[in-house]
Amino acid sequence: METKLLVFSPKLLILLLFSLSAFPSPSSSSLAFNFYGASCPSAEFMVKNTVRSASSFDPTIPGKLLRLLFHDCMVEGCDASVLLQGNDTERSDPANTSLGGFSVINSAKRVLEIFCPETVSCADVLSLAARDAVEIAGGPAIQIPTGRRDGRASMASVVRFNIIDTSFTMDEMMKLFSSKGLSLDDLVILSGAHTIGSSHCSAFSDRFEADSKGKLTPIDSSIDKAYANELTKKCPSGVSSSVTVNNDPETSFLFDNQYYRNLLAHKGLFQSDSVLFTDKRTKKMVEDLANDQNLFFERWAQSFLKLTTIGVKSDGEGEIRRSCEVANG
């Protein structure tokens, strides 16, 4: 599939950055397009090349990188704190133990440290890698500013309050997104990330119940019966915790608008997916996105930009880590 390049006009870029100022991050003004133009001109190329290489060997990489970015930015901002290893770090929380893509970020960082030591932050590497992952999976090629600093701390205790649970109601999701400066439209658009990636059976087990013989039946009437039966075959009662299913049963490794078409067919994997179509506040947007992939790509560029500027740290608040898994000593 040919990738659609979204090159923003100066007028649109000003509009997008103005929209960000309505919900300012602590130091979003420190970000700039082509931030490394002088200090490390090939930085973005090196990150993209690493992501492309990894994805060619493992097609699940784009979905993993996109999810990794979400779990970083939604918790304490886009500061790469989710990458830090250690006891009681964000990475150690049960909500994050299934995250992947760390090796890709570490590989990109090692290359950058060779050519541009102590220059490019891990937070920027992660944001750029997730952006590139979308493009490599068939989505739009977009521009994002760089200049993020890396956080020095990472605490497991703050994870659960900042990550959407797959059983959340619309109001619960709206409340959390609003606290991050994201709108209802952003919620619908960014949920489109589920067009790629996979999930463990336990993530949607609450939509089924087991009878006395252990047979699973759907208790959620909003899910298509045939799709529900397919899920119970892949995830029967007592299935191994390592088993996963694709978020999008149709075009699993392609970043497209199939996710929204699935919602129209009542084939949302999670309750938090299905509610986007059953709730009157978001139903129309789901229908519009299902019918127009270009619209989805255009809106994705705007919402992704907002996501990657949540809680950006300034010079005094952050650092440039030498290794993404360990804060500088």
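Predicted, not measured: the structure shown is a model, and the values here were computed from it. Numbering of residues begins at 1 and proceeds along the displayed sequence.
Distance alone, capped at 3.5 Å, is enough to place a donor-acceptor pair between the T308 side chain and the L305 backbone. Proximity of a side-chain donor or acceptor of S178 to a complementary backbone N or O of K175 within less than 3.5 Å is not detected. Without hydrogens or angle criteria, K180 side chain to M74 main chain gives a donor-acceptor distance under 3.5 Å. At distances below 3.5 Å, not a single donor-acceptor pair connects side-chain atoms of S53 with backbone N or O atoms of N49. Judged by distance alone, with hydrogens and angles left aside, the side-chain atoms of T232 form a donor-acceptor pair with the main-chain N or O of N229 at under 3.5 Å. With hydrogens and angles ignored, the 3.5 Å screen pairs no side-chain donor or acceptor of S42 with any backbone N or O of F45. Judged purely by atom type and a 3.5 angstrom limit, R152 uses its side chain to pair as donor or acceptor with the backbone of E317. Put simply, the side chain of D124 gets close to the backbone of G147: a donor and an acceptor are under 3.5 Å apart. Distance alone, capped at 3.5 Å, places no donor-acceptor pair between the D150 side chain and the A80 backbone. Of the possible donor and acceptor atoms, none in the side chain of R148 sits under 3.5 Å from a partner among the backbone N and O of K313.
L276 and L269 fall into different hydrophobic clusters, where Ile, Leu, Val, Met, Phe, Trp and Tyr side chains are chained together by heavy-atom contacts under 4.5 Å. In the hydrophobic clustering of this structure, F35 groups with V111; members are Ile, Leu, Val, Met, Phe, Trp, Tyr whose side-chain heavy atoms approach within less than 4.5 Å, directly or through other members. Linking Ile, Leu, Val, Met, Phe, Trp and Tyr whenever their side-chain heavy atoms come within less than 4.5 Å leaves L182 and F161 in two separate clusters. When the side chains of ILVMFWY residues are joined at heavy-atom separations under 4.5 Å, either directly or via intervening members, I223 and M170 end up in two distinct hydrophobic clusters. The same ILVMFWY cluster, assembled from side-chain heavy atoms under 4.5 Å apart, contains both I310 and V159.
Distance check: E90 CD to L84 CG gives 8.0 Å after rounding to the nearest 0.5 Å. In this structure, the separation between CG on D279 and NZ on K283 is 10.5 Å, given to the nearest 0.5 Å.
Here the closest non-hydrogen pair linking N291 and N257 is N-ND2, 4.3 Å. Contact record, R322 with G329: NH2-N, 3.9 Å, taken as the closest heavy-atom pair. Annotation for R321 and G151: closest pair NH2-O, 2.9 Å, computed over non-hydrogen atoms. Of all heavy-atom pairs spanning P140 and W300, the tightest one is CG-CD1, 4.0 Å. In plain terms, the two heavy atoms of C40 and T119 that are nearest each other are CB-CG2, 4.2 Å. In this structure, G101 and L65 approach most closely via the heavy-atom pair O-CD2, 3.6 Å.
In summary, the side chains of Y259 and N247 do not present any donor paired with an acceptor at a separation below 3.5 Å, with no hydrogens or angles considered. Side-chain atoms of R149 and S30 include no donor-acceptor pair closer than 3.5 Å. T251 and D248 form a side-chain donor-acceptor contact under 3.5 Å, judged by distance and modelled atom types alone. A donor-acceptor pair shorter than 3.5 Å can be found between the side chains of D79 and S81. Residues R52 and S55 have side chains that never bring a donor and an acceptor to within less than 3.5 angstrom of each other. For the residue pair D220/S222, the side-chain donor-acceptor check at 3.5 Å is satisfied. N262 and E250 are not linked by any side-chain donor-acceptor pair at a separation below 3.5 angstrom, with hydrogens and angles left out of the test.
In this structure, L68 and I105 have side chains that are in contact, with non-hydrogen atoms separated by less than 4.5 Å.
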Carefully, step by step, assess T309 and C78 under the rule side chain to side chain contact (heavy atoms under 4.5 Å, CB included).
-> CA-CA 7 Å; T309 56; C78 304; over 6 Å; no
Report the C-alpha separation of E325 and K109 in whole Å, then their side-chain angles, then the decisive distance to 0.1 Å, and conclude whether the salt bridge (charged side-chain N to carboxylate O under 4.0 Å, His left out) test is met.
-> CA-CA 10 Å; E325 297 182 324; K109 178 61 172 176; over 6 Å; no
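The aromatic rings of F204 and F208 sit perpendicular to each other, their planes meeting at more than 60°, with 30° as the lower class boundary. Between F255 and F296, the ring planes lie parallel to each other; the angle is under 30°, not in the 30° to 60° tilted range.
Residues K284 and D288 are paired through a salt bridge, judged by an N-O separation under 4.0 Å between the basic side chain and the carboxylate. Using a 4.0 Å cut-off between charged nitrogen and carboxylate oxygen, R299 and D292 do not count as a salt-bridge pair.
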